[in-house]
Participant: 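Okay, handing you the structure first.
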Amino acid sequence: MILCVNPNAAIDKTVVANEFRLNMIQRPEQVLAFPGGKGCNVARALKTLGERPVVGGWVGGFAGQFIETGLQVEGIGTAFIHTDFESRTCLSILDPINNTLTELYEKGDAVPIEKVTEFETWFRSHVTDYEAVTFSGSLPPGVPLNFYRDMIEIAHGAKVPVLLDSGGEALRQGVTAKPLLVKPNETELTDLAGKAPQDRSGLMQAASELSRRFETLVVISIGAEGAVAANRDQVWHVRPPQVTIKSAVGSGDSTLAGITFGLTHSFAFEDAVKYGVAAGTANALTVGAGHFSVSDVESVLAQVTVEQLQGG
Ligand SMILES: Nc1ncnc2c1ncn2[C@@H]1O[C@H](COP(=O)(O)OP(=O)(O)OP(=O)(O)O)[C@@H](O)[C@H]1O
Ligand SMILES: [Mg+2]
């Protein structure tokens with residue numbers, strides 16, 4: 001079992017509105033709603049890859065019930081702490097005629113500190129039920145920025161590996177607790193390293209430096225170019241084939257799922273990253289965050305290349 005912590009849960013609602021206009025009543029062509037948040041996407045991807053994921057974090061109200069039940073219907077386990085307030089809804093308005101996407105992301109209510117403590121108590125006593133833990137996304141209001149760092153320390157104490165995919169201060173603090181792996185994209189990396197890498201050699205250097213400094217595996221995902229992966233001594237560029245994509249939303253989460261699958265099934269690090277890149281690219285071939293087919297993963301995987309840039 002893999003625990004996918006999703007602190008900032010939401011209903012992900014997409015309405016398809018042809019020729020969307022402001023100040024008008026409109027009747028959408030289609031409405032889609034799914035349990036959302038990066039941890040939910042990771043869990044969905046892990047389920048497709050044949051794993052048994054469980055999503056944790058905080059949910060509340062009717063929206064919380066929708067998220068929890070929706071995941072269970074998908075065959076994904078849940079272990080949420082319940083709050084008294086409604087979970088948020090993130091609304092995306094897609095206009096296929098004018099090719100626009102308008103996104104309204106609620107900030108959400110603050111998680112009360114006693115609910116943060118409740119999660120910590122639960123995590124401390126249940127972490128050993130899991131082979132690995134993923135922490136994904138931003139922290140909701142009310143959750144201290146040292147949350148990931150503290151949870152990683154607890155997981156360390158229990159000898160359970162952690163994979164961290166976040167940004168800003170939550171990532172900056174989290175990485176100091178030495179998770180097994182961090183997966184920033186280029187923007188998150190620039191923020192963490194304090195400067196933007198200028199080219200592939202800059203990315204390679206940044207990945208390698210972070211890996212040594214924080215004693216962690218580093219995978220920098222770089223969209224269509226795949227990923228640059230580093231351990232203390234080696235750096236690889238893992239490249240997907242060129243494909244025509246439908247939607248890359250949730251590709252980073254699918255990458256993290258693929259890597260987690262690989263590392264919990266004793267793959268060599270570079271092979272786990274290869275599997276992650278294949279899952280990320282397969283996700284981009286299908287509409288829906290964390291939605292892809294195993295046959296797409298397999299056909300992409302056969303075309304992923306691994307180039308060792310440093311070490312041997
Ligand atoms: N245009 C694309 N073509 C092929 N593969 C892609 C494309 N965009 C993303 N991918 C695949 O998905 C992986 C992760 O993508 P990306 O670097 O965009 O993650 P991210 O920014 O963390 O995304 P997320 O929105 O899920 O957080 C890449 O390593 C690659 O395998
Ligand atoms: Mg990401």
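Counting convention: from 1, in listed order, for ligands and their atoms alike. Each residue takes its place number in the sequence, starting with 1.
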Participant: Taking the six-membered ring for Trp, are Phe119 and Trp58 ring centroids under 6.0 Å apart?
Facilitator: yes
Participant: Verify the cluster assignment for Val59 and Val5: are they in a single hydrophobic cluster under the rule of side-chain heavy atoms below 4.5 Å apart?
Facilitator: no
Participant: Say whether Glu225 and His237, considering side chains only, have a donor N or O and an acceptor N or O under 3.5 Å apart.
Facilitator: no
Participant: According to a hydrophobic-cluster definition based on side-chain heavy atoms being under 4.5 Å apart (Ile, Leu, Val, Met, Phe, Trp, Tyr only), do Ile2 and Val219 belong together?
Facilitator: yes
Participant: Do you reckon Leu164 sits in the same ILVMFWY cluster as Val143, going by side-chain contacts under 4.5 Å, direct or chained?
Facilitator: yes
Participant: Can you work out which protein residues put a heavy atom within less than 4.0 Å of ligand 1?
Facilitator: Lys38, Lys183, Asn185, Ser221, Ile222, Gly223, Ala224, Gly226, Val243, Ile245, Ala248, Gly250, Ser251, Gly252, Asp253, Thr255, Val277, Gly280, Thr281
Participant: Linking I/L/V/M/F/W/Y whenever any side-chain heavy atoms sit under 4.5 Å apart, do Val304 and Leu309 land together?
Facilitator: no
